[in-house]
Number of protein chains: 2
Amino acid sequence: MYTEKKIENLLRQQGYKITPQRRKILAAITSVNEHMTTAEIYDKVCQEDPGIGLVTIYRTLDILTELGLLCEVHVGGNCRSYLMRRPVEHHHHLVCSECGTVVDFTDCDLSGLEDRLTKDTHFEINGHILEFTGRCRNCIVRAK
Amino acid sequence: MYTEKKIENLLRQQGYKITPQRRKILAAITSVNEHMTTAEIYDKVCQEDPGIGLVTIYRTLDILTELGLLCEVHVGGNCRSYLMRRPVEHHHHLVCSECGTVVDFTDCDLSGLEDRLTKDTHFEINGHILEFTGRCRNCIVRAK
DNA sequence: AGCTAAATGAAAACGATTTTCAATTGGCAG
DNA sequence: CTGCCAATTGAAAATCGTTTTCATTTAGCT
């Protein structure tokens, strides 16, 4: 689990400056346990600091993504890429196609499949995306 | 496997008209066994009919996607959604992060994982995305 | 306190996709 | 075969999310 402070130190270590804007962005991201789109993060930060530029959000999110502190959800017909909070450990998503709720899970044993694919295709596999889609409990109940 | 004719009939059945433009788009898509972006499909169709509008490509691809005759690849940092050919059968992708080559594979036994997730989360799971990323044989060789 | 490279915000640029709208056309009805 | 009308088309403009540009500000070392 990354605290705001830890992330700040990480940024400093990498030579990035700690600006008030970045502090607010970190505060926004770490305060929420849900997946958020860029726009949602922007909105949240704006509540604190209406003067902040959307560009700054993008730039900061880019840095955080590059450092592996954030990751993205790849789901949905239009393929909008949703940013989400702290992965660190390898994990996956279960996404409700009705309300967008995202549940994380970590264990996925794909090593057997990966081995077979490596053998068949001679690819050097270095990662995978695994996402389940469905309807969450709430949406099932609501539909009745 | 869908032939051009079969797709035309499917469209007709659904009340869509068969126009010369749509014929050319179908010809382009069915003639290629590779994954193509919208732009690539557009280019290909343009070789046949330079007058065709990109809009028409988009509209036709939307229809075909809705009818389940096409699907998309969800991979890559910027999450560009690549359109590709005829899925019909459930399948997955192995994508080279360097050159973009896509290899399909069909078998993925995720039923155990799916069962466990259903039990844990009470989601009604109805699908999944599984994509491996890596470097293809060519790119590995080239890098040496 | 002063300096400098990094960071910021506004505006413009951008690429992919969608909407608008007037003109055209496929395909059924007569 | 002909006419009609809703569906389809293409051009242009609009839109969306993201990136670039650039002049101004600022974090953080000296």
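Worth knowing before you read on, the calculation uses all heavy atoms, side chains too, and leaves out hydrogens, waters and symmetry mates. Every chain is numbered from 1 and lettered A, B, ... according to where its sequence line falls, protein lines coming before strand lines. These numbers were taken from a predicted model, which means no experiment stands behind them.
- Here the side chain of A:Thr19 is nearest to one of D:dT8, D:dA27, C:dG9, namely D:dA27.
- Taking atom CG on A:Leu61 and atom C1' on C:dA7, their separation rounds to 15 Å, with Å as the unit.
- Going from atom OH of A:Tyr16 over to atom P of C:dA5 covers 17 Å, rounded to whole Å.
- In this structure, B:Ile25 atom CD1 and D:dT8 atom C1' are separated by 11 Å, rounded to whole Å.
- Of all heavy-atom pairs between A:Val45 and A:Ile52, the closest is CG1-CD1, 3.7 Å.
- Looking at heavy-atom distances under 4.0 Å, A:Arg12 makes contact with sugar-phosphate atoms alone, never a base.
- Nearest heavy atom pair, residue B:Ile140 against residue B:Arg135, reads CD1-O, 3.6 Å.
- When each of B:Ala39 and A:Gly51 is assigned the nucleotide of DNA chain C bearing its nearest heavy atom, the one mapping closer to the 5' terminus is A:Gly51.
- At a cut-off of 3.5 angstrom, counting only N and O atoms as typed in the model, there is no donor on one side facing an acceptor on the other between the side-chain of B:Arg22 and the base of C:dG26.
- When the nucleotides D:dG28, D:dT8, D:dT18 are ranked by their closest atom to the side chain of A:Lys17, D:dG28 comes out on top.
- Distances were taken from every side-chain heavy atom of B:Val55 (C-beta onward) to each of D:dT9, C:dT19, D:dA6; the shortest belongs to C:dT19.
- Between the P atom of D:dG17 and the CD1 atom of A:Ile41 lies a distance of 14 Å, rounded to the nearest Å.
- The side chain of A:Leu54 lies closest to D:dT18, out of D:dT9, D:dT18, C:dG26.
- At the phosphate of D:dG10, OP1 or OP2 sits under 4.0 Å from a side-chain N or O atom of B:Gln21.
- Computed from coordinates, the B:Tyr42 OH to D:dT9 P distance equals 14 Å when rounded to whole Å.
- The side chain of A:Tyr58 places an N or O atom within less than 4.0 Å of a non-bridging phosphate oxygen (OP1 or OP2) of D:dT18.
- One finds the SG atom of A:Cys136 at 12.0 Å from the NE2 atom of B:His122 (value rounded to the nearest 0.5 Å).
- Listed for the B:Glu40 side chain is a donor-acceptor partner under 3.5 Å among the backbone atoms of B:Thr37.
- At the phosphate of C:dA16, neither OP1 nor OP2 sits under 4.0 Å from any side-chain N or O atom of B:Thr38.
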Output one line per pair: protein atom, nucleotide atom from nucleotides 13-15 of chain D, and distance, for all N/O pairs under 3.5 Å.
none

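- In the set D:dG10, D:dG28, D:dT19, the nucleotide with an atom closest to the side chain of A:Asp62 is D:dT19.
- Straight-line distance from the CG atom of B:Asp49 to the P atom of C:dT24: 16 Å, rounded to whole Å.
- Spacing between atom CD1 of B:Ile57 and atom C1' of C:dA16 amounts to 14 Å, rounded to whole angstrom units.
- A donor-acceptor contact under 3.5 Å links the side chain of A:Arg59 to the base of C:dG9.
- No single ILVMFWY cluster, assembled from side-chain heavy atoms under 4.5 Å apart, contains both A:Ile41 and A:Val55.
- Atom P of nucleotide D:dT26 and atom NZ of A:Lys24 are separated by 12 Å, given to the nearest angstrom.
- With rounding to the nearest 0.5 angstrom, the CD1 atom of A:Ile125 is 5.0 Å from the CG atom of B:Leu94.
- Contact record, A:Leu26 with A:Glu4: CB-CG, 3.9 Å, taken as the closest heavy-atom pair.
- A side-chain hydrogen bond (donor to acceptor under 3.5 Å, both in side chains) with A:Lys24 is found for one member of A:Asp49, A:Thr56, A:Thr60, A:Thr19 and no other, namely A:Asp49.
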